[in-house]
K.L.:
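The structure is given below, and queries will be raised subsequently.
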Amino acid sequence: MADSETTSPTKRIRVPKTSEIVADHFRGQIVRGELKEGDFLPPEGQLMTTLGISRPTLREAFRILEAESLISVVRGSRTGARVHQPSTELVSRYAGYVLQSMGTTIADLYQARLAIEPQVVRWLAAKPERRAIKRLRDEIERLRVLLLADRFDAFIDAVSEFHGALVEVSGTQTLMFMNQLLLNLMSRHQSDYKRRHPLDYEEQKKSLHAGLRSYEKLIDLIEAGEVDGAVKHWRLHLTNANETWAEDAEGARIVDSLGQ
């Protein structure tokens with residue numbers, strides 16, 4: 001008969017290091033909002049006394065949190081570590097690395113937007129809300145001011161913010177997060193694309209004016225509650241935009257989060 005001790009399915013349990021427990025403590029406070037962006041942790045000496053830990057343990061905990069971009073430590077400073085809230089920018093950067101490692105194409109990136117925004121437009125048009133309409137019209141007015149001032153690069157940046165606002169006013173936080181990841185990655189691609197494919201003044205102005213008219217039409221359709229018309233218009237708009245930013249050879253390029 002086999003020895004019961006040698007056939008036991010038990011596994012060794014890993015006990016967290018003290019530095020990991022300390023990092024968990026501060027991470028929880030940051031994520032829960034008990035520590036805000038820009039707050040400072042107490043000085044090292046005070047934390048060592050309060051937590052009953054050594055300086056090496058505290059500094060190892062800080063290294064863990066720094067690697068997660070949740071704090072920044074200025075060496076030699078008399079203030080404590082500075083707190084940073086989690087951000088979609090950091091997540092989108094890492095997401096870009098993952099997508100690049102998977103061989104994801106630029107066309108795939110833009111196609112994903114078609115799975116989000118038309119559905120959001122359907123929700124907004126099915127139940128138009130004054131608050132949402134006002135927010136979107138404010139975004140359009142900002143675009144108009146930038147275009148009249150010939151601030152084309154700022155206009156394109158503001159277009160990304162308009163797309164973000166479109167999803168944001170739906171109130172669906174998970175989609176807001178996913179959409180912002182896409183927008184951050186697409187903005188990086190668009191900056192690189194403009195550098196490689198510059199347009200002359202008149203061509204660029206004509207294109208941006210057409211875009212502005214399309215945004216205005218979308219909001220008019222949403223406000224009028226024309227669900228099918230709004231969805232159809234926005235799907236066509238995104239398809240045309242995808243053909244501009246992700247045409248043929250450009251669309252076949254692999255997402256490049258390291259080189260952009």
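Just so it is clear, the structure is predicted and the values come from calculations on it, not from any experiment.
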K.L.:
So, are Arg253 and Glu250 salt-bridged, with charged N and O less than 4.0 Å apart?
P.N.:
yes

K.L.:
Tell me whether the count of non-hydrogen atoms from other residues, nucleotides or ligands lying under 6.0 Å of CZ in Arg130 goes above 12.
P.N.:
no

K.L.:
Does a salt bridge link Asp138 with Arg142, judged by any charged N lying under 4.0 Å from a carboxylate O?
P.N.:
no

K.L.:
Do Leu183 and Thr88 make a side-chain contact, defined as non-hydrogen atoms from C-beta onward lying under 4.5 Å apart?
P.N.:
no

K.L.:
Has the side chain of Thr57 got a donor or acceptor atom that lies under 3.5 Å from a matching backbone atom of Ile53?
P.N.:
no

K.L.:
Under the side-chain contact (heavy atoms from CB on, under 4.5 Å) test against Val120, which residue among Thr172, Val167, Val231, Asn179 passes?
P.N.:
Val167

K.L.:
Can you tell me if Phe40 has over 12 outside heavy atoms packed within less than 6.0 Å of its CZ?
P.N.:
yes

K.L.:
Are Leu70 and Ile64 linked, directly or through intermediate hydrophobic residues, by side-chain heavy-atom contacts shorter than 4.5 Å (ILVMFWY only)?
P.N.:
no

K.L.:
Do Asp220 and Lys217 meet the salt-bridge criterion of a basic N to acidic O distance under 4.0 Å?
P.N.:
no

K.L.:
Counting heavy atoms not belonging to Gln111, are there more than 12 under 6.0 Å from its CD?
P.N.:
no

K.L.:
Quick one: do Asp228 and Arg122 make a salt bridge, cutoff under 4.0 Å?
P.N.:
yes

K.L.:
Under a 4.0 Å N-O cut-off, is there an ion pair linking Asp39 with Lys36?
P.N.:
no

K.L.:
Counting only heavy atoms from other residues, nucleotides and ligands, does the tally under 6.0 Å from CG of Asp248 exceed 12?
P.N.:
no

K.L.:
Decide yes or no on salt bridge (charged side-chain N to carboxylate O under 4.0 Å, His left out) for Glu168 and Arg135, but give the supporting numbers first.
P.N.:
CA-CA 10 Å; Glu168 182 181 335; Arg135 168 69 189 284; 3.3 Å; yes

K.L.:
Which residues pass the side-chain hydrogen bond (donor to acceptor under 3.5 Å, both in side chains) test with Ser187, not counting sequence neighbours?
P.N.:
Ser160

K.L.:
Yes or no on side chain to side chain contact (heavy atoms under 4.5 Å, CB included) for Ile140 and Arg144, after CA distance, side-chain angles and deciding distance?
P.N.:
CA-CA 6 Å; Ile140 286 177; Arg144 192 190 321 281; 3.9 Å; yes

K.L.:
Give a yes or no answer on whether the side chain of Asn240 reaches the backbone of His237 with a donor-acceptor pair at less than 3.5 Å.
P.N.:
no

K.L.:
Side chain of Ser92, backbone of Leu181: donor and acceptor closer than 3.5 Å?
P.N.:
no

K.L.:
Spell out, as yes or no, whether a donor-acceptor pair under 3.5 Å connects the side chain of Thr104 to the backbone of Gln100.
P.N.:
no

K.L.:
Measure centre to centre between the rings of His163 and Trp234, then say whether the value is under 6.0 Å.
P.N.:
yes

K.L.:
Given Phe155 and Val145, is the side chain to side chain contact (heavy atoms under 4.5 Å, CB included) satisfied, shown in steps?
P.N.:
CA-CA 9 Å; Phe155 180 96; Val145 170; over 6 Å; no

K.L.:
Looking at His189 and Leu109, would you say the former's side chain and the latter's main chain have a donor-acceptor pair under 3.5 Å?
P.N.:
no

K.L.:
Atom CH2 of Trp245 and atom CD1 of Ile106: how far apart are they, to the nearest 0.5 Å?
P.N.:
11.5 Å

K.L.:
Run the salt-bridge test on Glu20 and Lys17 with the 4.0 Å N-O cut-off and return the result as yes or no.
P.N.:
no

K.L.:
Just wondering, more than 12 heavy atoms not from Met178 lying within 6.0 Å of its CE?
P.N.:
no

K.L.:
Taking Ala61's backbone N and O only, do any of them form a donor-acceptor pair with Glu66's side chain (distance below 3.5 Å, no angle check)?
P.N.:
no

K.L.:
Under a single-linkage definition using a 4.5 Å side-chain heavy-atom cutoff for Ile, Leu, Val, Met, Phe, Trp and Tyr, are Tyr201 and Tyr193 assigned to the same hydrophobic cluster?
P.N.:
yes

K.L.:
Scan side-chain atoms only and decide if Gln180 and Asn184 contain a donor-acceptor pair under the 3.5 Å cut-off.
P.N.:
yes

K.L.:
Are the side chains of Tyr97 and Arg93 in contact, using a 4.5 Å heavy-atom criterion?
P.N.:
yes

K.L.:
Going by an N to O cut-off under 4.0 Å, is there a salt bridge joining Asp150 and Lys205?
P.N.:
yes

K.L.:
For Glu37, which residues count as a side-chain hydrogen bond (donor to acceptor under 3.5 Å, both in side chains) partner, sequence neighbours excluded?
P.N.:
His84

K.L.:
Hey, are Glu216 and Arg137 close enough for a salt bridge, meaning a charged N less than 4.0 Å from a carboxylate O?
P.N.:
no

K.L.:
Given the rule that I, L, V, M, F, W and Y join up when any side-chain heavy atoms are under 4.5 Å apart, are Val169 and Leu221 in one cluster?
P.N.:
no

K.L.:
Report the C-alpha distance between Arg188 and Asp256 in whole Å, list the side-chain angles of each, state the deciding distance to 0.1 Å, and finish with yes or no for side chain to side chain contact (heavy atoms under 4.5 Å, CB included).
P.N.:
CA-CA 9 Å; Arg188 296 177 67 184; Asp256 184 0; over 6 Å; no

